[in-house]
2 protein chains.
Amino acid sequence: MKYSKKDRQKLLLETLEKNPFVTDENLAFTFHVSVQTIRLDRMELSIPELRERIKSVAAHNFGEEVKSLPIDEVIGEIIDIDLDKQAISILDITKEHVFARNGIARGHHLFAQANSLAVAVINDDLALTRKSTLTFVKPVKAGDRVVAKAIVINSDAKKNSTLIEVTSKVENETVFVGQFSMYRVTMS
Amino acid sequence: MKYSKKDRQKLLLETLEKNPFVTDENLAFTFHVSVQTIRLDRMELSIPELRERIKSVAAHNFGEEVKSLPIDEVIGEIIDIDLDKQAISILDITKEHVFARNGIARGHHLFAQANSLAVAVINDDLALTRKSTLTFVKPVKAGDRVVAKAIVINSDAKKNSTLIEVTSKVENETVFVGQFSMYRVTMS
DNA sequence: CTGATATTAGTACCAAGTGCTAAAATGGTG
DNA sequence: CACCATTTTAGCACTTGGTACTAATATCAG
């Protein structure tokens, strides 16, 4: 069953979209036409040859190295801090923080900002996250400026434990809420 | 200034590691040797030819199995995946992942590994974290190899919701547990 | 100096193409 | 049905970036 030229070219595009690693010979076989026809089709649709297709796939992802979480102690920029009471940080979301596919910020960046703010607000030598509950209220997009505010809910000195709530907002709209139960110790 | 064979081969490896898109001719020129020498070097080091190198980079990134997320957007290395069922990734903790102060891995790296694994295991076009509860059971140190295993607990198609539990272990000892409630949509 | 190691040269061949010309098949319209 | 345009197929020379193999030189170490 042969397709019309139009249909075949449409299918060709879809096929190569799904899997660019197919030779003309292979395509010719699957579409029951000659290799030359496939070549003509590629010309008309300006689809590059196999090697170029592969190269572009490779180059694309090779250049687009996803930024891992930075080394700084705090993710985001602290703009206000009142030790053991509250702190505020801002993080500008760029295209490096989002999924290429849908432009939505990856959860761990919001978590990282909130968590490191929770660590920073604690006035102790050692602060570790013990437990946390997170709610991603609303998707954050590239270009958004996320303002995170950490509030110390309570501090139980005996248990070496502190409860902190972090609320992150974009243009005054809550996008993320996290409760952090922190373990803390003063050394010396 | 010619290098010794040993030095040249070492540099060759590094060069191609950084940029696999280089022809033998090009390499011959930069190392001031003949093309044949480069080929011999590649044989000895069992480095595949340009096209195969490019193909493997492309194939790697075009990971046919992982749909939700391009493979290099995953924090850690996925070593096994059974879509909608379970997945395993490993992350080697280096000094860049830990607090300089105490050598303990910062929570967001463990979260990032677990969360991105939860996203990857979902066989859908869009997967976002809605809520999560985390427990940091035991501190992780530089040098530790964290093995995270994500298990899909249930999938409610009507609610577009999936519950995933991720358990991370170091040398078979649980260091982190996270429950992720994920929002998922199939596009088309 | 000699032998081993390293390097270069040259040939035939391959895959997956491009670019070009030309013939054959097919299809729609009067 | 015939005719002309579109579509498809065929064939050939040439290209890149190699492999596989053989053979000739360089280079160095003892």
Side-chain angles (χ1 to χ4, degrees), chain A residues 1-66 100-101, chain B residues 1-67 70-73 77:
Chain A
M1 191 59 161
K2 287 201 182 187
Y3 297 97
S4 75
K5 185 177 175 176
K6 218 174 168 183
D7 289 354
R8 188 186 58 235
Q9 294 196 345
K10 202 176 152 193
L11 273 170
L12 192 69
L13 273 170
E14 287 171 21
T15 306
L16 292 178
E17 184 85 21
K18 276 184 216 144
N19 176 16
F21 303 78
V22 191
T23 64
D24 286 359
E25 204 171 84
N26 219 309
L27 290 165
F29 183 80
T30 59
F31 286 108
H32 306 286
V33 291
S34 72
V35 173
Q36 283 77 1
T37 302
I38 295 293
R39 308 240 225 251
L40 277 176
D41 285 348
R42 280 202 296 102
M43 300 285 151
E44 288 179 21
L45 301 168
S46 46
I47 298 172
E49 65 166 287
L50 173 70
R51 286 151 184 155
E52 293 307 314
R53 292 197 300 269
I54 292 179
K55 210 187 285 178
S56 87
V57 171
H60 195 267
N61 294 339
F62 200 79
E64 206 182 288
E65 260 176 79
V66 174
R101 184 179 274 277
Chain B
M1 190 60 157
K2 287 202 182 185
Y3 297 98
S4 74
K5 185 177 176 176
K6 217 175 169 182
D7 288 354
R8 189 187 58 234
Q9 295 196 343
K10 202 176 152 191
L11 273 171
L12 191 69
L13 272 171
E14 287 170 22
T15 306
L16 291 178
E17 185 85 21
K18 275 185 217 143
N19 177 15
F21 303 79
V22 192
T23 63
D24 287 357
E25 202 171 85
N26 220 308
L27 291 164
F29 184 79
T30 59
F31 287 108
H32 307 286
V33 291
S34 71
V35 173
Q36 283 76 0
T37 303
I38 295 293
R39 307 240 224 252
L40 277 175
D41 285 348
R42 279 201 298 101
M43 299 285 152
E44 287 178 22
L45 301 169
S46 46
I47 298 171
E49 65 167 286
L50 172 71
R51 286 153 184 153
E52 294 305 315
R53 293 196 300 270
I54 293 179
K55 211 187 285 177
S56 88
V57 172
H60 202 265
N61 295 338
F62 204 80
E64 285 181 40
E65 287 193 290
V66 182
K67 251 207 278 177
I71 199 138
D72 62 354
E73 289 202 11
E77 192 185 346

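Just so we're on the same page: letters track the sequence lines, and every chain starts at 1.
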### Message
With rounding to the nearest 0.5 angstrom, report the CD to NZ distance, A:E44 to A:K5.
### Response
3.5 Å
### Query
Just checking B:R53: base, sugar-phosphate only, or nothing, at a heavy-atom cut-off of under 4.0 Å?
nothing
#### Entry: Integer-rounded Å distance: D:dG18 C1' and B:I47 CD1
15 Å
### Opening and closing nucleotides of DNA chain C in contact with chain B, under 4.0 Å to non-hydrogen atoms
C:dA6 to C:dG10
### Task
Specify the separation, in whole Å, of atom CG of B:N26 and atom P of D:dT16.
14 Å
#### Entry: Contact residues, residues 35-44 of chain B to DNA chain C [heavy atom, < 4.0 Å]
B:Q36, B:T37, B:L40
### Query
Does A:M43 offer a backbone N or O that forms a donor-acceptor pair with the side chain of A:S46 under 3.5 Å?
no
### Query
Sequence neighbours excluded, which residues qualify as side chain to side chain contact (heavy atoms under 4.5 Å, CB included) partners of B:R51?
A:R51, B:E49
### Message
Between C1' on D:dT8 and NZ on A:K6, what's the gap in Å once rounded to a whole number?
### Response
19 Å
### Task
Quick one: list whatever passes side chain to side chain donor-acceptor pair (under 3.5 Å) with B:T23, sequence neighbours left out.
none
### Query
What residues form a side chain to side chain donor-acceptor pair (under 3.5 Å) with B:T15, not counting sequence neighbours?
none
### Query
To 10°, what angle do the rotation axes through the five end pairs on each side of the helix from C:dC1-D:dG30 to C:dG30-D:dC1 form?
10°
#### Entry: Heavy-atom closest contact (A:P20 atom, A:L50 atom, distance)
O-CD1, 3.6 Å
### Sequence neighbours excluded, every pair satisfying salt bridge (Lys or Arg N to Asp or Glu O under 4.0 Å) that has a member inside residues 6-16 of chain B
B:R8-B:D41
### Message
Once side chain to side chain contact (heavy atoms under 4.5 Å, CB included) is applied, do any residues pair with B:L45, and if so which ones, sequence neighbours excluded?
### Response
B:Q9, B:L12, B:L13, B:I47
Set out, line by line, the N/O atom pairs under 3.5 Å between protein and nucleotides 27-30 of chain D.
none

### Task
Would you please name every residue forming a side chain to side chain contact (heavy atoms under 4.5 Å, CB included) with A:T30, sequence neighbours left out?
A:N26
#### Entry: Distance in angstrom units between A:E52 CD and D:dT16 C1', rounded
10 Å
### Query
For the pair made of CZ in B:R51 and P in D:dT19, what is the distance, rounded to whole Å?
9 Å
### Task
Mind jotting down which residue pairs meet the salt bridge (Lys or Arg N to Asp or Glu O under 4.0 Å) criterion with at least one end in residues 30-40 of chain B? Sequence neighbours excluded, please.
B:D24-B:R39
### Query
To the nearest angstrom, how far is A:K55 atom NZ from D:dG18 atom P?
10 Å
### Query
What is the distance from CZ of B:F21 to C1' of D:dG18, rounded to the nearest Å?
17 Å
#### Entry: Residue pairs fulfilling salt bridge (Lys or Arg N to Asp or Glu O under 4.0 Å) with at least one residue in residues 25-34 of chain A, sequence neighbours excluded
none
